[in-house]
Amino acid sequence: MSFIVTFLNGLSLGGVYALIALGYTMVYGIAKMLNFAHGDIIMVGGYVLFVFISLTGQPILAIIIAAFLCSLLGISMEKAAYKPLRGASPLAVLITAIGVSYFLQSLAQIIFGAAPKFVIIADLGVITFGELVIPVYSVITLAISILIMIALSLFIKFTKTGRAMIAVSEDKAAAQIMGINVNTIITVTFLIGSFLAAVASVFYLLKAPNISPTFGSKPGIKAFTAAVIGGIGSIPGAMLGGFLLGIVEVFSNSVPAIAPYTDAIEFLILIVILLVRPTGILGKKRREKV
Amino acid sequence: MALLEVKDISVYYGVIQALKGISFTVEEGEIVALIGANGAGKTTTMQSIMGLNHPKTGSIYYNGERIDNIPTHKIVKKGMTQVPEGRHVFQELTVYENLIMGAYTVKDKEKIKEDIQEMFKLFPRLEERRNQIAGTLSGGEQQMLAISRALMSHPKLLLLDEPSMGLSPILVDEVFDIIKHIHSEGTTILVVEQNAEKALSIADKAYVLETGNIILSGTGKELKNNDDVKKAYLGG
Ligand SMILES: Nc1ncnc2c1ncn2[C@@H]1O[C@H](COP(=O)(O)OP(=O)(O)OP(=O)(O)O)[C@@H](O)[C@H]1O
Ligand SMILES: [Mg+2]
């Protein structure tokens, strides 16, 4: 019976990983860069929640503000740090992204100190069905992340901006001659990715109510791993990779003998998948026809 | 005033100079051909006009307005678009979705639907494959799609970069018939070709590009009968 609960918790963590992985994968697909500061947006979201819950005691209001400020941060980050490097070498962009990451972490440390802060968004408790004890947190996280992923998929498939995102990720020059403003599409991509990171910060704090300046590092690395496992650049890939990693992590942690090796197991899966399929599970090779 | 005026542009890739100060004009209603061997700079010229690369010196005017310093998407809004070399259809989108992308600058949704029906009349083969993923189309079908996608934006000036590349002789004829048809509907055409024979036979005016310089110009007919052109581009 505990299998069902473990599986549900795995799906729930997977949903959070998927939301973060989507940010990595969309930015990679469209701006062709790895935004290593993506995880730190989760951290900023956490501190915004901390500040506004402490100030107002209104979790919903704090969540809305966090989503708004994180989206704004994502857009500003792109405009200030990455846009000037359009066309520069990938290495320069990567190093800049690492720089942005350190900048945000240091800023958080200067403002809030290195010691963790305590934030309670809500105490959700558990529901019991006979022998099943299900954390409400897991159910809500899973449900909301699935809803968000469905909404995002519909947005990309059926709206003009969504289709323009596909076009830019596939062929930037061809997208431009359709009349698409690539800069606008990149801005939208950062906005969506950062919004998803803010949502992820809410889920993280619902589970464990502590926030510190390096709060975003681990989820960032894990979600990046998920994005690569699924095939970086692929939206369904990020979702699949996220769920896969979440389930593996929770099951591995549930067995005391192997729990200490969870991270190693996850990265081993990454290595094996990349050996078998260098593009990730759903990553695509370019089809070229002349 | 010429619809398009290219004035003494030079384009560099790093230290390589791909265009060495070329000038030419396209008048409204004309078909203008740009011919030349591999690496002559034809694609570079097309990309400069579209704003995909930026000349180091010189200028480009569309309708009297300078366009060499504005982004591609704004140039498209002014009424110009391109069928790029190698088609560049969106491989992961369906035929129908590719056509919708072509109409990105068109606001009126009803009009877009009507235009797609028009395209299907022009290219019945695309209609049969409307829900097929473009990456799985044959080369010829992709070329048809690339042309109709470009037409979806109702360009006043259409740039075609090697539309006959990789097509069987029958398809080449078909593509050139279509270019003539598009022209007869009022679109001005600038076409780059290695198939000089075909291009010169439909062109009002043509330019010969050789390693970044325009070495000859004239009417299509004149160039077709020019001995140098015959020797270099028409197989003797
Ligand atoms: N992105 C690039 N980087 C460096 N050099 C380039 C680039 N694009 C083109 N060139 C060089 O510029 C010159 C002109 O190339 P261009 O593609 O314009 O030729 P073309 O006339 O279109 O040839 P083709 O008929 O083979 O398409 C060539 O020498 C080419 O190697
Ligand atoms: Mg070319």
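Below, chains carry the letters A, B, ... as their sequence lines are ordered, and counting in each starts from 1.
A donor-acceptor pair under 3.5 Å is formed between the side chain of A:Glu170 and the backbone N or O of B:Glu92.
For residues 92-103 of chain A, the set of pairs meeting the side-chain hydrogen bond (donor to acceptor under 3.5 Å, both in side chains) definition, not counting sequence neighbours, comprises A:Asp40-A:Ser101.
B:Met50 is listed as a side-chain neighbour of A:Ile177, based on a closest heavy-atom distance under 4.5 Å. Counting only heavy atoms from C-beta outward, the side chains of B:Phe90 and A:Met178 approach each other to under 4.5 Å.
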Requested in this report: Take B:Ile100 and A:Lys160 through the test side chain to side chain contact (heavy atoms under 4.5 Å, CB included) and record every step on the way to the result.
Outcome: CA-CA 9 Å; B:Ile100 294 205; A:Lys160 195 168 166 171; over 6 Å; no
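Neither the backbone nor the side chain of B:Leu159 comes within less than 4.5 Å of any heavy atom in chain A. In this structure, the portion of A:Ile166 lying under 4.5 Å from any heavy atom of chain B is its side chain and not its backbone. No part of B:Val83 comes within reach of chain A, as not one of its non-hydrogen atoms sits under 4.5 angstrom from that chain.
Partner A:Asn181 forms a side-chain contact (heavy atoms from CB on, under 4.5 Å) with one of B:Lys74, B:His73, B:Lys77 and no other, that one being B:His73.
Within a 6.0 Å radius of CZ in B:Phe123, more than 12 heavy atoms belonging to other residues, nucleotides or ligands are found. Shown here is B:Lys56, whose NZ atom has no more than 12 heavy atoms of other residues, nucleotides or ligands within 6.0 Å. With a 6.0 Å radius and a threshold of 12 heavy atoms from other residues, nucleotides or ligands, B:Ile170 has its CD1 atom at or below the threshold.
The minimum heavy-atom distance linking A:Gln176 with B:Val76 is given by the pair O-CG2, 3.6 Å. Nearest heavy atom pair, residue B:Thr105 against residue A:Gly179, reads CG2-CA, 4.1 Å.
Considering only residues two or more places apart in sequence or on other chains, A:Phe224 meets the ring pair (Phe, Tyr, Trp, His ring centres under 6.0 Å) condition with A:Tyr24, A:Phe36.
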